[in-house]
Structure formats: structure tokens, C-alpha cells
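Data first, discussion second: the structure below is written as C-alpha cells.
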Amino acid sequence: FLLQFVLPVVLQFLLIYVFLISAIEHEDPSTLVKFFTFLPIIMFIAMFSQLGWIYSVGVGMKKHHPEHVQMNVKLFKAFIIIAFVNFVAFAIFISYLINNVAESVESNSVPDFSLFLLIPIFFLTNLFAIFCIFYSFYFAAKSLRSAELQRDAYSEHYIGQFFCFWFPIVGIWIVQP
């Protein structure tokens, strides 16, 4: 909980406070754009802890399954890695894009519009990453419930855990009290 929510929120508020004070003191609102340089780091911490929690539940519960319950752990691991790599690449891209536009505005030049051509590509990869994340919610929920029931769980058995993984600010207290 501390890694997933408290640390990223505190870091975001701290950075916003520092950059707002800096912008007010120097009377230059362009310093607020520098916040987006640090944003991928904060997002990395939150996403790493979130996907790490789902990964640990999904893989950790597999050893508690009965012999007849078969789940594709390799696909689960691949989807977690794909979602994480896509998220990191997207955060870095958005940060770079915002800083590029801000530098162009400061220097009264034209921004590099070739970067904007990558947005549809990131849109499509983000759709696949969303699918990967939902699959990881499904896998972790089914793995957890199958270990609890000691048999193959069906969707009506693990739908509650699925939503707990989807909304982790509440779900983390329900899944792991």
C-alpha cells in the first residue's frame, strides 16, 4: 500500500509544490513543464509496485494449486512484462514530447511534429497493454481463488477478486488484509 499509493502521491504533491513555488518566485510558469521530466519516475514506482503485486499473487498462488488445475504462467509473465515495458515507454515518450514542445515555445521555434506521428502507434500498443493488464487481473484472481478452493475456479468464484485487483486502493485490503 505504501509503495503503490502513499509514495507516488506524496512525491507528486512534493514536486508540484516545489515547482509551483519556483514558478511564483521566478514569475515564470514555464518551470512547471519541468515537472513532466520527473513524472515518469513517479509513474514507474507506482506501476512497478502494482504489477509486482499482481505478479507475486499470480505466480505465488500457483504452487498452492491442486495438480489438476492448469494455468498458463508463461503467458501471464509475458503479458505482465509487455504491459510494464509499454507503460514505461509511454511515460518517457509523453515526458519527452511535452518537454520538446515547451522548449520550442521558449525558443519561438516550431516543435518537432514527427513525434506526434507516434501517437497513433502508442494508442494501439496501449490498447494491447490494457488487454494484458486485464488478463493479469483475471489470472491473479483465478489463481488466488483456485488456491483457496483447492479446485479449478470458475468466473463466479473469482469475479470479486478480479475487481479487487482492478481497484487496488480498496482491493489490497480485501485480498491481503
Side-chain angles (χ1 to χ4, degrees), residues 1-16 35-98 118-177:
F1 182 77
L2 291 175
L3 275 177
Q4 283 185 346
F5 301 106
V6 176
L7 183 63
V9 168
V10 168
L11 285 176
Q12 285 179 10
F13 282 124
L14 184 66
L15 282 175
I16 290 171
F35 169 73
F36 290 100
T37 305
F38 298 101
L39 193 59
I41 297 168
I42 297 169
M43 293 168 68
F44 173 82
I45 293 169
M47 194 64 166
F48 182 76
S49 63
Q50 171 72 17
L51 290 177
W53 175 52
I54 292 169
Y55 176 85
S56 67
V57 170
V59 173
M61 289 293 118
K62 179 70 176 133
K63 62 185 171 194
H64 298 290
H65 290 176
E67 294 293 324
H68 66 279
V69 175
Q70 299 295 321
M71 296 181 70
N72 193 348
V73 178
K74 290 181 183 179
L75 183 64
F76 170 69
K77 290 179 181 179
F79 279 176
I80 286 278
I81 290 169
I82 289 169
F84 183 72
V85 168
N86 180 73
F87 184 79
V88 169
F90 184 71
I92 291 170
F93 171 73
I94 291 297
S95 177
Y96 180 75
L97 184 68
I98 290 172
L118 293 175
I119 291 175
I121 294 170
F122 271 109
F123 177 75
L124 293 175
T125 59
N126 278 337
L127 285 178
F128 182 65
I130 290 168
F131 169 77
C132 292
I133 289 172
F134 278 119
Y135 179 82
S136 68
F137 294 164
Y138 151 78
F139 186 92
K142 184 174 181 177
S143 180
L144 177 65
R145 197 66 180 145
S146 293
E148 288 174 351
L149 296 175
Q150 287 299 300
R151 61 183 168 90
D152 195 18
Y154 297 108
S155 59
E156 63 266 8
H157 298 135
Y158 59 82
I159 193 74
Q161 281 83 5
F162 177 85
F163 283 104
C164 286
F165 286 113
W166 192 357
F167 302 105
I169 197 160
V170 176
I172 197 167
W173 300 108
I174 297 169
V175 172
Q176 295 179 329

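- Expressed to the nearest 0.5 Å, how far CG of L144 lies from CZ of F139 amounts to 11.5 Å.
- Between Q50 atom CD and F84 atom CZ the span is 12.0 Å, to the nearest 0.5 Å.
- Other residues, nucleotides and ligands contribute at most 12 non-hydrogen atoms within 6.0 Å of the CZ atom of F48.
- A heavy-atom distance below 4.5 Å is found between the side chains of L97 and I119.
- Contact of the I54 side chain with the F76 side chain is registered, since non-hydrogen atoms from C-beta on lie closer than 4.5 Å.
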Show the atom names and distances, to 0.1 Å, of all donor-acceptor pairs under 3.5 Å that link a side chain in residues 150-171 to residues at least two apart or in another chain.
from : atom 1 : to   : atom 2 : distance (Å)
Q150 : NE2    : H64  : O      : 2.9
Q150 : NE2    : A147 : O      : 2.8
H157 : ND1    : Y154 : N      : 3.0

Under 3.5 Å, which donor-acceptor pairs do the side chains of residues 121-128 form with other protein atoms, sequence neighbours left out?
from : atom 1 : to   : atom 2 : distance (Å)
T125 : OG1    : N86  : OD1    : 3.1
T125 : OG1    : I121 : O      : 3.3
T125 : OG1    : F122 : O      : 3.0
N126 : OD1    : N86  : ND2    : 2.5
N126 : ND2    : F122 : O      : 3.2

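- For the side-chain hydrogen bond (donor to acceptor under 3.5 Å, both in side chains) condition, no pair includes a residue of residues 128-138, sequence neighbours left out.
- The side-chain heavy atoms of K142 and V69, taken from C-beta on, include no pair separated by under 4.5 Å.
- Of all heavy-atom pairs spanning C132 and A83, the tightest one is CB-CB, 4.2 Å.
- Between M61 and H65, the shortest heavy-atom distance links the atoms O-CD2, 3.2 Å.
- Between F137 and F134, the ring centre distance stays below 6.0 Å.
- Under a 3.5 Å cut-off, the side chain of S49 and the backbone N or O of I45 do form a donor-acceptor pair.
- Between the side chain of S56 and the backbone N or O of W53 there is at least one donor-acceptor pair closer than 3.5 Å.
- Taking both residues in full, the closest heavy atoms of L75 and N72 are given as N-OD1, 3.2 Å, listed atom of the first, atom of the second, then distance.
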